[in-house]
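The structure under discussion appears below in the form of structure tokens.
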Amino acid sequence: MNKVRVRFAPSPTGPLHIGGVRTALYNYLFAKKNGGEMLLRIEDTDQTRFVPGAEKYIIEAFHWLNIPFDEGVHIGGPFAPYKQSERKDLYWKYAKMLIDNGNAYYAFDTPEALDEMRKSCEANKQTFIYNSITRKTLNNALNLSAEEVQQKLDSGSHFVIRFKMPENKTIEMHDIIRGQVTVNTDTLDDKVLFKSDGMPTYHLANIVDDHLMEISHVIRGEEWLPSMPLHIMLYEAFGWEAPQFAHLPLLLRPDGNGKLSKRDGDRLGFPVFPLRWVDPKTGETARGYREDDYFPEAFINMLALLGWNDGTEQEIFPMEELIEKFSLERVGKSGAKFNVEKAKWFNHKYLQQKDNAEIAKSLMLTLHENGVEADAQYVEKVVAVMKERVNFTHEIWTECRYMFQRPESYDPQSVKKRWKEDTPQVMENIVQLLTDISNWKNQTVHDALMNYIQEHELSVGQVMNSLRILMVGSSSGPDLTTMMDLFGKEETIERIKIGTQSIVNL
RNA sequence: GGUCCUUUCGUCUAGCGGUUAGGACGUCAGGUUUUCAUCCUGGUAACGGGGGUUCGAUUCCCCCAGGGACUACCA
């Protein structure tokens, strides 16, 4: 087998969505598994759809994901340039080559005329196909003399170049994921290869570049399956060896039907993009996994398992293991609905494995943004006790503010349930008791409280939960004396005093 | 409408002719905990329908139905 070379070839028409990320990921895994290379090529042959910032976004996304390319627009390489608009001059030669060998022809039909025909066919419940039958009656070189064609070209008439699809030919193709796929050429049309604006279409540019860049495997989304026959025919027309194809199943919407799309994220409350995206025209923003505080490793792990598994019951795979175990043969055939809960679960799993100091570092940023300055060592200790309780780093702040700030209010329900007539008196005694503790530690505080409770024949739950309300503001949170240990003696006593006063005043 | 792809618990999936159809997320119940969460244990829940082939089909074939993609001088 030739060297494995794959490509990821997005169009810079907007942010990369997670389906695209998964396609790139599978390309990457496949390449690395087989000791091959992966390149990033920008397919910007449609000038009208160009979105500024999209290319930068794509590169940044892969940087965040820690998926490196071996060659590409951003790093160059032996087959540069890697942007199709910069390769523009090259495609004409290949289009001409197909004309010369009879596999393509000039066509002069106007878009309006074709539109008209499509409409009238539709009205008659028929499908207009520009193919071996209809091409005989249309405005193209096949129906004109060489002189007429030359005259049109010389006079600067707008033209396109179309592929001359053979008549009634059965094409049998092989897809690594889907196996044998068979199509009859009569259902296909004479696709435009070269547009009147002087740019190639996707089909031409893609085939030419894949060939020139020595791509061995084309791994792409299933939306491209219908054009696989055209692409195979193109390789044949050029006399080139075609790469192997693998068409990945699509990522579907979690609720209803259809392909996962840009809008779904906001509606359903989860990002469909790796990074936050701000539309340069409208200013609209779309959430990103990075900004939602997912670990890139967790995000990748989740995505990898959406359509692939290694046949065992393992679900947590670090990147190295994904590379080691990945195979296209084990990629599923049917579309997968995206599930946010599972995504969160993956992040939870990765959070538990992470180093506390590292989490603390990131948490400090969140704290800082919220105007909280905390000691790094303290934050790390908080992380150690709190991380198992949350899915995301930032939740150690949003869900556990009491670890950094005194409660601002006291949950009425909890107070009603736990706060009794004699509680203020008990708290006053406890303040005294705690004040006398010289060796402030989880254990000593715990023992002191337990002794007090026993001596006064109080209920453990009653006392501890009242204290918890004063520490946290509600009936939740980690082990009480662990928390008190973290807070320190002074803060603990302050919280008891302040809280008791506030509740009494209610 | 046409073409192609696809179809196992609510979701992601294992299964590649003979299984009590397994796992994970979710959900429910119980346990652990001074609370909540985590965690642990257990339960719930699936082969779209109809024909074949076969001693035997979730598994192979055909038809239907559902779902998806494509059907542009967009990728």
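Only a predicted model underlies this, so the values are computations on that prediction, with no experimental measurement involved. Order of the sequence lines sets the chain letters (A, B, ...), proteins ahead of strands, with each chain counted from 1.
Among the nucleotides U34(B), C74(B), C12(B), the one closest to the side chain of Lys337(A) is C12(B). Across U35(B), A75(B), C12(B), the shortest atom-to-atom separation from the side chain of Ser475(A) is found for U35(B). You'll find that the side chain of Arg162(A) is closest to C73(B), out of C73(B), A69(B), C74(B). The Asn465(A) side chain lies nearest to U34(B) when the options are A24(B), U6(B), U34(B). Nearest nucleotide to the side chain of Ser476(A), out of U11(B), U35(B), A24(B): U35(B). Side-chain atoms of Val183(A) lie closest to C4(B) of the nucleotides C4(B), C73(B), C70(B). The side chain of Asp46(A) approaches C74(B) more closely than any other nucleotide in the set U35(B), C74(B), C25(B).
For C73(B), the OP1/OP2 oxygens have a side-chain nitrogen or oxygen of Arg118(A) closer than 4.0 Å. Side-chain nitrogen and oxygen atoms of Lys195(A) include at least one within less than 4.0 Å of the OP1 or OP2 phosphate oxygen of C74(B). For Arg418(A) and U35(B), the shortest distance from a side-chain N or O to OP1 or OP2 is not below 4.0 Å. At least one side-chain nitrogen or oxygen of Asn309(A) sits closer than 4.0 Å to the OP1 or OP2 atom of A14(B).
The pairing partner recorded for U59(B) is none, the criterion being a Watson-Crick or G-U wobble arrangement whose two distances lie under 3.5 angstrom. Base-pair partner of A75(B): not found among the strands shown (Watson-Crick or G-U wobble, both distances under 3.5 Å). Nucleotide U11(B): paired with A24(B) (Watson-Crick or G-U wobble, both distances less than 3.5 Å). Base pairing annotation: A46(B) forms no Watson-Crick or G-U wobble pair, as no partner gives both donor-acceptor distances under 3.5 Å. When both distances must be under 3.5 Å, the Watson-Crick or G-U wobble mate of C4(B) is G68(B). Across all strands shown, C16(B) has no partner, as no Watson-Crick or G-U wobble contact with both distances under 3.5 Å is found. Remark: U38(B) base-pairs with no nucleotide in the shown strands. Criterion, Watson-Crick or G-U wobble with two distances under 3.5 Å.
Here, C5(B) and C62(B) have their P atoms 11 Å apart, quoted to the whole Å. For the C1' atoms, the distance from C39(B) to U54(B) is 49 Å, rounded to whole Å. Comparing A29(B) with G68(B), their P atoms sit 35 Å apart, to the nearest whole Å. Nucleotides U58(B) and U8(B) place their C1' atoms 7 Å apart, quoted to the nearest Å. Distance check on atom P: G49(B) versus G1(B) gives 24 Å, rounded to whole Å. Here the separation of U32(B) from U41(B), taken at their C1' atoms, is 11 Å to the nearest Å. On the P atoms, A37(B) is 11 Å away from U27(B), given to the nearest whole Å. Rounded to whole Å, the P atom of G31(B) lies 45 Å from the corresponding atom of G67(B).
Inspection of the Asp46(A) and Tyr202(A) side chains reveals no N or O donor paired with an N or O acceptor under 3.5 Å. A side-chain donor from one of Tyr350(A) and Asn301(A) sits under 3.5 Å from a side-chain acceptor of the other. In summary, the side chains of Lys169(A) and Asn184(A) do not present any donor paired with an acceptor at a separation below 3.5 Å, with no hydrogens or angles considered.
Ring pair Tyr294(A)/Phe392(A) is perpendicular by interplanar angle, where above 60° counts as perpendicular and below 30° as parallel. Taking the six-membered ring where the residue is Trp, Tyr106(A) and Trp92(A) present tilted rings, their angle falling between 30° and 60°. Ring-plane geometry between Phe273(A) and His17(A) is classed as tilted, the angle between the planes lying from 30 to 60 degrees on a 0 to 90 degree scale. Between Trp308(A) and Phe326(A), the ring-plane angle classifies as tilted under the 30° and 60° cut-offs.
Counting non-hydrogen atoms under 4.0 angstrom, Arg330(A) reaches the backbone sugars and phosphates but no base. At a threshold of 4.0 angstrom between heavy atoms, the contacts of Val160(A) include nucleobase atoms, whether or not backbone atoms are also involved. Across all strands, Glu388(A) comes closer than 4.0 Å to base atoms (heavy-atom distances). Among the heavy atoms of the strands, none lies under 4.0 Å from Gly221(A). Using a 4.0 Å heavy-atom criterion, one finds that His348(A) contacts the sugar-phosphate atoms exclusively. Asp109(A) comes within 4.0 angstrom of a nucleotide base, judged by non-hydrogen atoms across all strands. Nucleic acid contact for Thr45(A): sugar-phosphate only, since backbone atoms but no base atoms lie under 4.0 Å from a heavy atom of the residue. Counting any heavy atom pair closer than 4.0 Å across all strands shown, Asp479(A) reaches a base atom. Residue contacts shown for Leu480(A) include a base, since a base heavy atom lies under 4.0 Å away. When heavy atoms are screened at a 4.0 angstrom cut-off, Thr13(A) is found touching no nucleic acid atom at all. Residue-level contact check: Pro478(A) touches the bases, meaning some heavy atom is under 4.0 Å from a base atom. At a threshold of 4.0 angstrom between heavy atoms, the contacts of Thr127(A) include nucleobase atoms, whether or not backbone atoms are also involved.
For the pair Met228(A) CE and U6(B) P, the computed distance is 11 Å after rounding to whole Å. In this structure, Phe194(A) places its CZ atom 12 Å from P of A75(B), rounding to the nearest Å. Following rounding to the nearest Å, Arg468(A) (CZ) and A37(B) (C1') show an atom-to-atom distance of 11 Å. Regarding Leu252(A), its CG atom lies at a distance of 10 Å from the P atom of U13(B), rounded to whole Å.
Residues Met173(A) and Gln180(A) have side chains not in contact (no heavy-atom distance under 4.5 Å, counting atoms from C-beta outward).
Ranked by how close their nearest RNA chain B nucleotide is to the 5' end, Arg178(A) and Gly461(A) are led by Arg178(A). For the pair Glu313(A) and Glu222(A), both in contact range of RNA chain B, the more 5′-proximal nearest nucleotide belongs to Glu222(A).
Residue Thr187(A) places no side-chain atom within donor-acceptor reach of the base of G2(B), judged by atom type and a 3.5 Å distance cut-off alone.
For the pairing with His247(A), the side chain to side chain donor-acceptor pair (under 3.5 Å) check across Arg220(A), Glu223(A), Lys333(A) returns one residue only, Arg220(A).
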